[in-house]
Asker: 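Attaching a single structure in structure tokens format; questions to follow.
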Amino acid sequence: MNSFRTAFASAFISLSSILLPAATSPAANRPASSSGSGAAAVRIENEARRTLYLASFEQHVMRSYAQSKLVTADLAPDVYREALVGFYNLQQRGVISPSQHVLTIIDFNRSSRLKRLWVIDLREQRLLFHSLVAHGKNTGEEFATAFSNREGSEMSSLGFYVTGHTYTGKHGLSLKLKGVDPGYNTNAATRAVVVHGADYVSEDFVREHGRLGRSQGCPALPSNESSDIIRAIYGGSVVYAHAPRGVAYQSNWLQLDPALLAFARSQGIDSHG
């Protein structure tokens, strides 16, 4: 059964790329905004070259999704692909190091009763952690429905982050986040949106209350897992908080062509530097 699900998921990714070859989101090839933040507009003019890069990328998505056993961990394949597009865009722009290989995905489309955070080693194609994660108290009850970048909102923020340094605070070992998605999460530092452990993030809390506990906007983790996860992702890795269905999210980090360039370079198939 698992092999069937893996094959089905892989076929889904491949079919998606055929039906929507330029994007997994309406914003994927949208020109960069005039604010100047985010990924710059890039287009691969040579169609043969672009076709080669796209085919290689889609094959990589399928292969890595299957080898990382993400289907059995219930990560939606389209969310994984979208996160990879953003990851390689961040590499293309030099926001993260070319040697960086850890990607964290939070899928706010899922109930807070379910594990909806995945930490993936892209180099080893291995799932490192699959965990519960809280959303902000004003973001919703069981489900996350409202998001904000505003200070004092006590809401979660969507989009791409880069992890910073660790520190020890009132929640123990904690991790600073830098929001790099203009309009969505760039106030993360001033809002003190950080990764930390919390007692209200547990299966026991879910059984008692019917949902996970909520934070002031931080992606809070189970206390017994938070330190290990923080040590695995600190220091320049990527965190992607995926929007639930029905919530608008358009990001310049989801442009496909710059992601293809960075991917091709990482795989040694970019002959144009």
Side-chain angles (χ1 to χ4, degrees), residues 37-38 83 86-87 90-91 93-108 112 115-124 126-139 144 147-205 212-242 253:
S37 300
F87 178 90
L90 289 164
Q91 275 196 352
R93 290 282 288 168
V95 178
I96 62 171
S97 166
S99 63
Q100 182 56 244
H101 56 89
V102 176
L103 172 63
T104 301
I105 301 173
I106 300 170
D107 186 1
F108 280 128
S112 66
K115 293 182 178 181
R116 54 182 178 173
L117 178 144
W118 300 259
V119 180
I120 305 157
D121 185 324
L122 298 176
R123 182 173 60 195
E124 300 295 328
R126 183 164 62 95
L127 178 63
L128 301 179
F129 299 96
H130 183 203
S131 177
L132 296 168
V133 61
H135 56 248
K137 61 177 63 177
N138 289 329
T139 282
F147 301 85
S148 177
N149 192 32
R150 180 173 52 84
E151 292 187 44
S153 67
E154 296 192 330
M155 293 183 186
S156 297
S157 300
L158 297 171
F160 289 92
Y161 300 80
V162 176
T163 62
H165 298 296
T166 61
Y167 68 98
T168 301
K170 64 180 181 179
H171 297 289
L173 185 67
S174 303
L175 174 63
K176 294 184 177 182
L177 295 173
K178 178 183 179 182
V180 294
D181 233 328
Y184 294 99
N185 62 20
T186 47
N187 290 329
T190 56
R191 292 180 61 205
V193 173
V194 301
V195 181
H196 64 76
D199 293 339
Y200 54 76
V201 186
S202 68
E203 300 285 358
D204 288 341
F205 193 100
L212 210 59
R214 295 167 300 166
S215 69
Q216 292 180 303
C218 297
L221 303 173
S223 295
N224 62 344
E225 296 181 66
S226 60
S227 292
D228 288 340
I229 293 176
I230 286 170
R231 292 189 182 100
I233 70 175
Y234 83 98
S237 74
V238 176
V239 176
Y240 175 50
H242 175 72
W253 297 119

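Being a predicted model, the structure only gives us computed values, none of them experimental.
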Asker: So does Tyr234 have more than 12 non-hydrogen atoms from other groups sitting under 6.0 Å from OH?
Answerer: no
Asker: Is a side-chain N or O of Asn185 found less than 3.5 angstrom from the main chain of Val180, in a donor-acceptor match?
Answerer: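 Looks like yes, one N/O pair under 3.5 Å.
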Asker: Any donor and acceptor pair, going by atom type alone, linking the side chain of Asn149 with main-chain N or O of Asn187 inside 3.5 Å?
Answerer: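 At least one qualifying donor-acceptor pair exists.
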Asker: Once you measure the plane-to-plane angle for Phe147 and Phe108, does it fall in the parallel (<30°), tilted (30-60°) or perpendicular (>60°) bin?
Answerer: tilted
Asker: Hey, are Arg191 and Ser153 close enough side-chain-wise for a donor-acceptor pair under 3.5 Å?
Answerer: yes
Asker: For a quick test of reading the model, state the closest non-hydrogen atom pair linking Arg116 to Ala144 and the distance between them.
Answerer: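 In terms of heavy atoms, the two residues are closest at NH1-CB, 4.5 Å.
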Asker: Quickly, which of Leu132, Leu221, Ile105 forms a side-chain contact (heavy atoms from CB on, under 4.5 Å) with Leu117? Name it, please.
Answerer: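 Checked Leu132, Leu221, Ile105 against Leu117; only one passes side-chain contact (heavy atoms from CB on, under 4.5 Å): Leu221.
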Asker: Taking side chain as C-beta onward, heavy atoms only, is Trp253 less than 4.5 Å from Arg93?
Answerer: yes
Asker: How far does CZ of Arg214 sit from CE of Met155, to the nearest 0.5 angstrom?
Answerer: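 Spacing of CZ (Arg214) from CE (Met155) equals 11.5 Å.
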Asker: Leu177 versus Pro219: any side-chain heavy-atom pair under 4.5 Å?
Answerer: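 In short, these two side chains touch, coming nearer than 4.5 Å.
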Asker: NE2 of His130 to CD1 of Ile120: how many Å apart, nearest 0.5 Å?
Answerer: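 Spacing of NE2 (His130) from CD1 (Ile120) equals 10.0 Å.
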Asker: Measure from the side-chain N and O atoms of Asp199 to the backbone N and O of Ser223, and report whether any donor-acceptor pair falls under 3.5 Å.
Answerer: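 Pair absent, no side-chain N/O of Asp199 close to backbone of Ser223.
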Asker: Can you check whether Leu173's main-chain N or O pairs, donor with acceptor, with Thr168's side chain at less than 3.5 Å?
Answerer: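 No: the side chain of Thr168 does not pair with the backbone of Leu173.
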Asker: Donor-acceptor pair, distance only, cut-off 3.5 Å: does the side chain of Gln100 make one with the backbone of Val238?
Answerer: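 No; judged by distance alone, with no hydrogens or angles, the pair does not exist.
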Asker: Going by heavy atoms in the side chains, are Ser131 and Ile229 under 4.5 Å from each other?
Answerer: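 Yes, their side chains come closer than 4.5 Å.
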Asker: Measure the CZ-OG distance between Phe205 and Ser112 for me, rounded to the nearest 0.5 Å.
Answerer: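 Answer rounded to 0.5 Å: 9.0 Å.
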Asker: How many angstroms lie between atom NZ of Lys178 and atom OG1 of Thr163, to the nearest 0.5 angstrom?
Answerer: 11.5 Å
Asker: Under the 3.5 angstrom rule, does the side chain of Gln216 hit a backbone N or O of Cys218 as a donor-acceptor pair?
Answerer: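 Checked: no pair found.
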Asker: Is there a side-chain contact between Thr190 and Glu151, using heavy atoms and a 4.5 Å cut-off?
Answerer: yes
Asker: Just verifying a value: how many Å separate Phe160 CZ and His242 NE2, rounded to the nearest 0.5 Å?
Answerer: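 With rounding to 0.5 Å, CZ (Phe160) is 10.0 Å from NE2 (His242).
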Asker: How long is the straight-line distance from OG of Ser215 back to NE2 of His196, given to the nearest 0.5 Å?
Answerer: 6.0 Å
Asker: Quick one: does Val162's side chain get under 4.5 Å of Ile96's, heavy atoms only?
Answerer: yes
Asker: Can you check whether Tyr167 reaches Ser174 side chain to side chain, under 4.5 Å on heavy atoms?
Answerer: yes
Asker: Taking all atoms of both residues into account, what is the closest heavy-atom pair of Val119 and Leu127, and its distance?
Answerer: O-CD1, 3.4 Å
Asker: Scan Ile106, Leu212, Thr104 and name whichever one has a side-chain contact (heavy atoms from CB on, under 4.5 Å) with Val133.
Answerer: Ile106
Asker: Taking the side chain from Thr139 and the backbone from Ser156, do they hold a donor-acceptor pair closer than 3.5 Å?
Answerer: yes
